[in-house]
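Labels below follow one simple rule: chain letters A, B, ... track the order of the sequence lines, proteins then strands, and each chain is numbered from 1.
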Amino acid sequence: MKKFIQEGILVNVRSDGRVNKEIRQKKSTHGYLLYTNGSCKVECETIIYTGITLELQNQPKFSIKIQSIKKSQTDKQKALYLETLLQQLYDLDMKNLWISEKKAFVLNIDVFMLAEINEAYAELIAFSIQNAIQDLKFPEIKVTQNLLTSDEEYELQENKFRKIDLKIPNISVVGQVGLQLVKDLTFDEFFAVEKKYIISKGERLQVRQFEQIFEPFDSDDFLRVVQFI
Amino acid sequence: MQLEAAILEEDKQLYLPGDMISDQAGLMSGQNTYEENGRIYSSTIGTLNQTNQLVMINPIKHSYEPQIGEIIIGKVVLIKDKKWTVDIGSNSETTLHLNSTYIPEQRQKTEDDEMNMRLIFAEDDYICAEIHSINNDKSINLHTRSHKYGKLDNGKFQQVCHYLIVRQKKHFFKLENEVHVIFGHNGLLFLSNQDRTINQVDYEQNYTIQQRINIGKVSQALTFLNQHQVLISQGSIEKLVQLRDQKLSEQDCLAQLYEFLNKK
């Protein structure tokens with residue numbers, strides 16, 4: 001099967017009939033989950049649910065947690081790898097998350113998949129997180145000072161929302177077979193291509209090779225990938 | 001969905017888990033039912049199937065349950081004790097014994113064959129086989145004693161819901177656009193340019209661009225049929241490929257496809 005996929009990519013006819021630059025249609029439904037501040041359901045090769053809940057803490061941050069309905073022996077390591085990778089690529093500007101000098105919003109992003117956790121689904125998970133963040137509504141919080149204790153007090157304003165512009169980078173995965181590059185890899189294609197790159201395109205452009213995220217790679221390949229995207 | 005329409009057409013009542021099926025005395029509770037205080041209840045979503053005194057529920061969606069004689073496509077996961085363990089998407093353990101494989105010279109298997117099992121089928125290889133027998137402990141024995149069966153390579157595998165595969169007399173087809181399809185009863189299909197009904201040592205390995213485009217069209221048609229829960233057969237695939245070539249909208253495609261399938 002690997003040979004069939006690789007030869008197809010080289011002649012620009014993939015196994016599912018797409019050309020190398022073509023992206024699959026992904027169905028996304030915003031606001032799917034109740035009791036979240038932002039959520040999304042993405043249906044493509046598998047179904048991924050993403051929910052974002054907000055908290056107030058002393059420092060702004062965001063955390064990603066990935067879980068799956070299908071358990072395997074390696075799912076914990078794979079989940080940890082994907083969570084770390086995505087957190088590094090999501091270089092979010094946190095200064096907009098402060099609501100006062102002492103408190104800021106913390107984003108808890110929970111991703112739930114109906115397939116086994118695998119790095120092949122990295123782009124789909126990133127797409128799901130991006131859509132959930134687009135659906136995110138920050139509640140309006142009134143900050144007052146307690147005159148007796150001089151502590152800050154926070155009051156949630158019902159049905160009022162604060163507009164916070166979170167610039168989310170677009171994360172995609174590109175595969176390479178020979179000199180041909182291919183976008184939006186299916187599960188089988190992910191394991192058939194010779195090299196895989198994960199790209200974060202936001203205020204900064206980050207390009208990393210899968211499984212070698214801490215090592216630099218060939219400059220010709222880098223230029224080819226930048227031109228391709 | 002075609003399945004829903006089929007249930008409504010046959011005027012069958014749909015039972016949900018916990019629905020009472022009957023409180024008559026003398027009835028026995030069968031598969032997917034349970035008895036409580038003399039009444040029989042359904043334990044899954046499905047339709048009633050009663051044979052004399054035995055009451056069962058046929059579930060709508062369920063994991064693949066193999067039957068003897070069915071053709072499956074599976075992935076080899078383990079080689080041990082003269083057997084290959086194959087994953088066919090079923091809950092039962094599925095094995096292929098060395099003596100059940102096809103060797104053209106029709107000879108007995110020797111110790112050399114046992115040492116070289118990996119040369120026949122290695123781990124992560126996909127194979128096409130027939131279900132030979134089901135043991136008392138529900139484990140399944142496969143066989144590949146025909147030139148049609150064996151290792152599948154250099155083609156496209158497509159996974160669909162197994163209950164959408166229509167039971168037919170044969171499962172090796174050549175479609176109108178020259179794509180050869182093997183329908184696995186377990187929901188895995190193999191698309192290629194290889195005619196496995198002919199006894200060949202080596203199957204065609206090189207694909208032309210048009211063959212690849214045709215395989216892509218069939219793959220997209222299968223994805224569409226699976227997404228809309230339409231029964232998958234040679235006729236439905238060929239008709240859908242024709243409709244998609246006309247660049248109709250999704251709704252028009254579905255409507256014309258249902259019309260075609262109802263006429264059949």
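The local environment of CD in B/Q251 is sparse, with at most 12 non-hydrogen atoms from other residues, nucleotides or ligands closer than 6.0 Å. Crowding of B/Q246 atom CD: a count of heavy atoms from other residues, nucleotides or ligands under 6.0 Å exceeding 12. In A/K2, the NZ atom is not crowded: 12 or fewer heavy atoms of neighbouring residues, nucleotides or ligands sit closer than 6.0 Å. The neighbour count for A/K78 NZ, taken as heavy atoms of other residues, nucleotides or ligands under 6.0 Å away, is above 12. Counting non-hydrogen atoms of neighbouring residues, nucleotides and ligands closer than 6.0 angstrom, the NZ atom of A/K201 reaches no more than 12 such neighbours.
Using a 4.5 Å cut-off between heavy atoms, A/E43 makes no contact with chain B at all.
Closest non-hydrogen pair, B/S219 versus A/S15, comes out as CB-O, 4.0 Å. A pairwise comparison of heavy atoms in A/R18 and B/Q220 identifies N-NE2, 4.4 Å as the closest pair.
Here the CD atom belonging to B/Q158 is positioned 8.5 Å from the CG atom belonging to A/D16, to the nearest 0.5 angstrom. If you take OG on B/S192 and CE on A/M1, they are separated by 13.5 Å, rounding to the nearest 0.5 Å.
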Derivation of the side chain to side chain contact (heavy atoms under 4.5 Å, CB included) call for B/I215 and A/F4: CA-CA 11 Å; B/I215 286 177; A/F4 179 75; 4.0 Å; yes
